[in-house]
Amino acid sequence: MPSVGAALWRSLRAHQVYGANTEVGKTLVSTVLCNAVRRLPSPGKAAFLKPVSTGPLDDADDRHLQRHAPGTLTRCLYQFDEPVSPHIAAKQNNFTPPRDDDIVASIHKTLSEWAGNGVDFALVETAGGVHSPGPNGNSQADLYRPLRLPIVLVADSRLGGISSSISAYESLLLRGYDVHSVLLFRDDYYQNHEYLRHYFQDKSIPLVPLPAPPVRPQTQDVDTAARDEEAMTTYYQRVAQSTDVGGLLDQLAAKNTERIDRLEAMASRAQQTIWYPFTQHHGMQPKDITAIDSAYDDYFQTLVPTDDAHAPKLQATFDGSASWWTQGLGHGNPALALSAAYAAGRYGHVMFPGNIHEPALSLAEKLLQGIGNARLQKIFYTDNGSTGMEVAVKMGLRAACHRYGWDASTEQISILGLKGSYHGDTIGVMDCSEPSTYNKKVEWYRGRGYWFDFPQVRMSQGVWRVDVPECLRPHLGADLEFPSLGAVFDVEQRVRSDEGKRYRDYIRTTIAGLVQQGMKFGSLIMEPIILGAGGMLFCDPLFQRSLVDVVRHHLELFAPSAPRPTEGNAWSGLPVILDEVFTGLYRLGRRSSASFIGVDADIAVNAKLLTGGLVPLCTTAASQEIFRAFDSPDKSDALLHGHSYTAHAVGCQVAVDSLNTMMKLERNGSWDDYRRDWASASTPEVWSVWSHDLVRDLSCAESVNGVFAIGTVLVVSLQDLHGSGGYTSTAARGLQQKLSAGGPNFAVHSRVLGNVLYLMSSVTSRPTALREIEGLLRAALL
């Protein structure tokens with residue numbers, strides 16, 4: 001959607017007029033309201049905007065305002081002669097319909113001009129009903145959503161109008177609109193206004209009934225047209241004398257002021273009441289807190305601090321962290337909102353143990369069938385990635401102890417992993433990571449495991465490199481260079497290379513030494529490809545593959561006397577747990593990031609993109625053999641883990657529809673242009689939404705230590721001239737501030753991990769927006 005900010009000014013009260021149906025009198029209501037502005041004790045300047053109009057020019061709605069609301073500024077952006085729906089009219093005579101983005105941008109530009117020219121009150125009138133299609137066939141409720149103008153809803157006074165009016169209201173509410181008032185024409189037979197008055201009164205929305213307008217003549221000639229005009233003039237005079245529309249305008253003005261006042265006070269109120277995660281509050285000021293009014297598609301609508309009453313109060317800010325890596329299908333996605341509403345209406349929440357509901361069953365089956373891992377047979381539900389990993393660790397350790405006859409109550413059972421790992425902040429999985437900024441000051445942290453240092457991938461000076469840590473060079477050899485990213489990911493070829501043998505020998509020797517020292521390991525736990533919170537560390541996929549191969553093929557390292565499992569999909573050596581909370585489900589361009597290393601996990605955890613970024617949900621998938629380790633006549637042997645909202649129906653239904661949408665994008669070629677961009681520098685299977693030219697150019701920048709892009713992720717590691725990098729570095733702050741200042745169309749929200757700045761899109765981000773962000777990066781770094 002367009003990158004304009006939502007429409008909000010202190011000096012201009014702008015509203016959008018929606019109708020509960022066609023022919024409900026939206027233009028008559030607009031005329032009444034614009035006339036009333038001139039009759040206020042302090043008369044104002046009104047304006048009327050019709051973005052899209054169809055039918056003869058003489059009957060156009062803006063012409064009606066010109067005749068019956070003199071002094072009102074009027075404008076129509078797109079006029080089509082055919083008296084049909086805009087999506088049909090726009091395609092007549094081979095006319096290319098205006099893009100939705102252009103329509104929204106034109107509305108915002110017009111309103112901005114009016115705000116700067118002394119207009120106090122403006123109406124933006126839609127065509128037809130709430131879901132009548134715009135020129136491109138998209139529902140108007142979605143077309144105009146980026147502006148999120150407060151709504152004046154014109155209800156339907158006819159037979160069936162109660163239903164259509166409530167349905168229109170609920171459709172707007174579902175999309176995050178605020179309905180500020182309802183008007184309709186009085187019909188003393190159906191009396192819809194009486195029923196709807198009570199309905200909206202319960203929601204603190206004022207309803208104003210208007211006298212019924214004169215009936216328009218069926219045929220039009222000069223005489224009847226003149227009488228019709230005279231009747232309408234008389235009607236508007238009568239409305240002005242008999243209704244308190246002025247009082248309604250006062251209420252609308254008050255709501256506009258209250259909205260802005262609330263926004264401007266939010267940061268100060270938050271500082272007083274909110275304890276933020278991952279935030280050092282020492283020295284924090286309200287100016288450090290961003291007030292978000294709404295979000296839609298890839299953009300936050302954020303408050304702009306300004307004393308200029310004529311300047312917009314909101315700006316579009318690209319969500320460059322994908323809201324902590326959760327966004328896949330855009331904020332405010334109406335399809336996912338509808339999925340959530342359906343499940344909420346059908347179930348609310350129902351307890352899960354011993355029960356089943358369709359969304360939970362459908363999601364479990366879809367995941368097991370779609371991930372492509374034949375080992376996985378069971379789905380366990382939790383609420384977020386950290387708790388999902390808690391379950392995974394319980395599964396893996398129990399399975400190992402069960403097979404090898406270990407007693408975890410009398411001996412330490414540890415895990416194998418990678419340095420820089422992060423699996424969550426709950427106490428159990430915190431112990432699965434090495435000591436770090438995240439856990440070293442947590443009093444219960446013990447750090448039960450061994451974590452391998454590893455070679456990392458980056459592009460530097462236009463060359464793809466695998467950098468081997470200095471301490472590992474005696475074992476693994478020197479740094480490596482590759483002609484393309486695809487060559488780095490050619491794991492099946494590389495596993496047979498000399499470096500593959502060196503990797504395996506080093507890993508096997510290291511584990512053997514640790515076991516000789518008395519350590520026992522119960523699982524191998526890894527984040528495939530990218531270790532996110534550890535600093536967006538891009539692990540050489542060959543090293544991760546080598547770790548799994550050594551663990552699975554050298555059973556003697558862990559239990560010399562244990563028999564080798566004979567089942568084809570049984571785990572060997574140690575259960576392999578893959579934490580795909582961040583990297584799974586298309587974040588890196590593939591359904592499963594495990595496919596990059598050619599490994600089928602025994603236990604796999606997915607969250608974040610699972611629900612497209614709408615609601616929390618996590619799945620821990622396990623093999624049948626892992627499941628059997630908990631299966632016994634004794635209740636205490638069961639996996640006694642759960643949450644009140646386990647497998648909540650809303651999350652499961654949203655996840656089903658989110659996965660269906662992403663799988664459809666994969667099938668229908670939506671990402672083919674990105675694949676082609678990277679084809680010459682990689683393989684069709686390894687690609688990014690961020691252009692290959694950008695990655696190459698940034699890798700040559702003097703201030704850049706390294707850069708990489710894969711899937712929706714772009715990572716820029718900056719030189720730290722005053723330190724050694726890491727989470728506490730401030731080297732990336734300057735770049736973050738430049739992106740925050742933004743460009744001509746939008747600002748960019750981003751997060752930094754020390755000297756590393758990363759950007760992340762959704763899987764539906766517009767190429768035009770991504771290229772604009774790339775321009776900001778070039779301007780800042782090149």
Side-chain angles (χ1 to χ4, degrees), residues 1-18 30 33-34 36-38 40 42-51 62 65 69 71-75 77 101-126 143-153 172 176-181 246 248-267 290-296 299-317 742 744-747:
M1 295 304 291
S3 53
V4 298
L8 181 65
W9 294 263
R10 187 173 286 278
S11 64
L12 173 66
R13 305 185 307 279
H15 290 77
Q16 189 148 34
V17 180
Y18 271 101
S30 295
L33 293 175
C34 287
V37 170
R38 296 186 298 112
L40 291 172
S42 298
K45 188 175 182 180
F48 173 85
L49 175 62
K50 187 77 174 184
D62 56 318
L65 268 289
T72 300
L73 291 178
T74 64
R75 187 174 299 177
L77 299 177
D101 293 10
D102 294 333
I103 296 172
V104 171
S106 296
I107 294 171
H108 195 278
K109 180 181 178 182
T110 300
L111 293 175
S112 294
E113 291 174 358
W114 285 346
N117 291 328
V119 175
D120 306 288
F121 180 82
L123 295 176
V124 180
E125 186 180 287
T126 61
L143 162 59
Y144 297 122
R145 172 57 180 80
L147 297 167
R148 212 179 82 87
L149 285 161
I151 303 304
V152 172
L153 177 62
L172 293 167
Y177 286 102
D178 294 325
V179 176
H180 278 187
S181 65
L248 175 63
L249 291 176
D250 290 340
Q251 293 181 61
L252 296 179
K255 287 185 176 182
N256 187 76
T257 301
E258 288 167 5
R259 179 184 175 191
I260 294 174
D261 289 346
R262 285 197 310 271
L263 269 171
E264 292 179 336
M266 280 173 63
T290 300
I292 299 176
D293 178 68
S294 66
Y296 193 75
Y299 301 93
F300 299 141
Q301 298 297 338
T302 59
L303 177 67
V304 180
T306 176
D307 294 327
D308 185 354
H310 305 303
K313 298 297 296 181
L314 296 170
Q315 71 173 356
T317 300
N745 293 311
F746 55 83

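The figures that follow rest on heavy atoms only: side chains count, while hydrogens, waters and symmetry mates do not.
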(request) Using modelled atom types only, decide if a donor and an acceptor are shared between the side chain of K50 and the backbone of T126 within a distance under 3.5 Å. (result)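 Flag set: sc K50 to bb T126 pair under 3.5 Å.
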Looking only at heavy atoms, what is the nearest atom pair of [X] and [Y], with distance?
| X | Y | value |
| --- | --- | --- |
| C34 | A47 | SG-O, 4.2 Å |
| I260 | K313 | CG2-CE, 3.9 Å |
| Y144 | Y18 | CD1-OH, 3.6 Å |
| G44 | D120 | CA-OD2, 3.1 Å |
| A291 | L263 | CB-O, 3.9 Å |
| P51 | V124 | CG-CG1, 3.6 Å |

(request) For the pair H108 and W9, name the ring-plane relationship: parallel under 30°, tilted 30 to 60°, perpendicular over 60°. (result)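 H108 vs W9 ring planes: tilted.
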(request) Check whether the side chains of T317 and T302 place a donor and an acceptor atom closer than 3.5 Å, and report yes or no. (result)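 Present: a donor and an acceptor within the cut-off.
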In Å and rounded to the nearest 0.5 Å, what is the [atom1] to [atom2] distance from [X] to [Y]?
| X | Y | atom1 | atom2 | result |
| --- | --- | --- | --- | --- |
| L33 | E125 | CG | CD | 10.5 Å |
| F746 | F300 | CZ | CZ | 13.5 Å |
| Y177 | L147 | OH | CG | 7.5 Å |
| T72 | D62 | OG1 | CG | 11.5 Å |
| L252 | R13 | CG | CZ | 7.5 Å |
| L143 | D101 | CG | CG | 9.5 Å |

Any side-chain heavy atom of [X] sitting closer than 4.5 Å to one from [Y]?
| X | Y | result |
| --- | --- | --- |
| E258 | D261 | no |
| S294 | R145 | yes |
| I151 | Q16 | yes |
| L303 | T290 | no |
| D250 | L40 | yes |
| P150 | N256 | no |
| T257 | R10 | yes |
| P312 | V304 | no |

(request) Would you please test R148 and D293 for salt bridge (charged side-chain N to carboxylate O under 4.0 Å, His left out) and show each step? (result) CA-CA 10 Å; R148 212 179 82 87; D293 178 68; 3.3 Å; yes
(message) Under the criterion side chain to side chain contact (heavy atoms under 4.5 Å, CB included), I'd like the reasoning laid out for H180 against R259: C-alpha separation, chi angles, the key distance, then a yes or no.
(response) CA-CA 11 Å; H180 278 187; R259 179 184 175 191; 5.6 Å; no
